[in-house]
Amino acid sequence: MPTALEPALFDQVEEGLKNVIDPELGVNIVDLGLIYDLAWDDEYDALIISMTLTSAGCPLTDVIEEQTAQSLDGIVERFRINWVWMPPWGPERITDDGRDMMRAIGFAI
């Protein structure tokens with residue numbers, strides 16, 4: 001049964017995940033609001049990342065998984081991405097920083 005992360009580990013993981021850039025939008029997955037939950041699975045001794053994508057048909061899950069592995073190297077030994085489709089992602093989940101990044105690259109948001 002997954003449990004909440006310790007605050008220090010949560011912060012490290014979140015900072016690491018800011019290095020994972022959505023290949024279609026050019027903004028990190030944290031500020032896009034794609035991360036729904038971070039938890040620890042004691043049974044498998046692994047981080048569980050519940051996240052979504054901007055569209056369910058996105059063909060770039062492998063790219064995101066590879067970037068995630070690289071960004072979490074040295075933070076956690078194992079992780080698993082739990083792809084979540086409900087509730088669907090919407091632009092209201094984008095952080096203020098994410099909105100600034102999107103405006104900087106030409107999105108009218």
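Throughout, numbering of the chain's residues begins at 1 and tracks the sequence.
- A donor-acceptor pair under 3.5 Å links the side-chain atoms of Arg103 to the main chain of Ile109, judged by distance alone.
- The structure places CG of Leu53 at 8.5 Å from CD1 of Ile81, a figure rounded to the nearest 0.5 Å.
- Rounded to the nearest 0.5 angstrom, Asp37 CG and Met51 CE are separated by 12.5 Å.
- Partners of Gln12 by side-chain hydrogen bond (donor to acceptor under 3.5 Å, both in side chains), not counting sequence neighbours: none found.
- Within the 4.5 Å cutoff, no side-chain heavy atoms of Val27 are placed close to those of Ile21.
- When hydrophobic clusters are built by joining Ile, Leu, Val, Met, Phe, Trp and Tyr residues whose side-chain heavy atoms come closer than 4.5 Å, directly or via intermediates, Phe79 is not grouped with Val63.
- To the nearest 0.5 Å, the span separating CG on Leu9 from CG on Asp11 amounts to 9.0 Å.
- Trp85 and Leu60 are not part of a single hydrophobic cluster, where members link through side-chain heavy atoms under 4.5 Å apart.
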Table please: side-chain donor-acceptor pairs of residues 68-78 below 3.5 Å, with sequence neighbours left out.
{"from": "Thr68", "atom 1": "OG1", "to": "Ile64", "atom 2": "O", "distance (Å)": "2.7"}
{"from": "Gln70", "atom 1": "NE2", "to": "Glu66", "atom 2": "OE2", "distance (Å)": "3.1"}
{"from": "Ser71", "atom 1": "OG", "to": "Gly16", "atom 2": "O", "distance (Å)": "3.3"}
{"from": "Ser71", "atom 1": "OG", "to": "Gln67", "atom 2": "O", "distance (Å)": "3.4"}
{"from": "Ser71", "atom 1": "OG", "to": "Thr68", "atom 2": "O", "distance (Å)": "3.0"}
{"from": "Arg78", "atom 1": "NE", "to": "Tyr44", "atom 2": "O", "distance (Å)": "3.4"}

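- Grouping the Ile, Leu, Val, Met, Phe, Trp and Tyr side chains by contacts below 4.5 angstrom, directly or via other members, places Leu38 with Trp83.
- Thr52 places a side-chain N or O within 3.5 Å of a backbone atom of Val84 that can act as its donor or acceptor partner.
- In this structure, CD1 on Ile94 lies 11.0 Å from CG on Asp100, to the nearest 0.5 angstrom.
- Ile105 is connected to Val30 through a chain of hydrophobic side-chain contacts under 4.5 Å among Ile, Leu, Val, Met, Phe, Trp and Tyr, so both are in one cluster.
- Contact between Leu34 and Trp89 at its shortest, heavy atoms only, is CD2-CD1, 3.4 Å.
- Crowding of Asp96 atom CG: a count of heavy atoms from other residues, nucleotides or ligands under 6.0 Å not exceeding 12.
- Using a 4.5 Å cut-off between side-chain heavy atoms of Ile, Leu, Val, Met, Phe, Trp and Tyr, Met86 forms no hydrophobic cluster with any other residue.
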>> Set out, in order, the CA-CA distance, both residues' side-chain angles and the distance that settles side chain to side chain contact (heavy atoms under 4.5 Å, CB included) for Trp40 and Asp45, then state yes or no.
In response: CA-CA 7 Å; Trp40 192 260; Asp45 197 29; 3.2 Å; yes

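- Residues Arg99 and Glu92 approach most closely at NH2-CA, 3.7 Å, considering heavy atoms.
- Leu5 and Ile48 fall into different hydrophobic clusters, where Ile, Leu, Val, Met, Phe, Trp and Tyr residues are linked whenever their side-chain heavy atoms come under 4.5 Å apart, directly or through other members.
- In terms of modelled atom types and a separation under 3.5 Å, the side chain of Arg93 and the main chain of Ile35 share a donor-acceptor contact.
- Distance check, rounded to the nearest 0.5 Å: CG of Asn82 to CZ of Arg80 gives 5.5 Å.
- A distance of 6.5 Å separates CG in Asn28 from NZ in Lys18, rounded to the nearest 0.5 Å.
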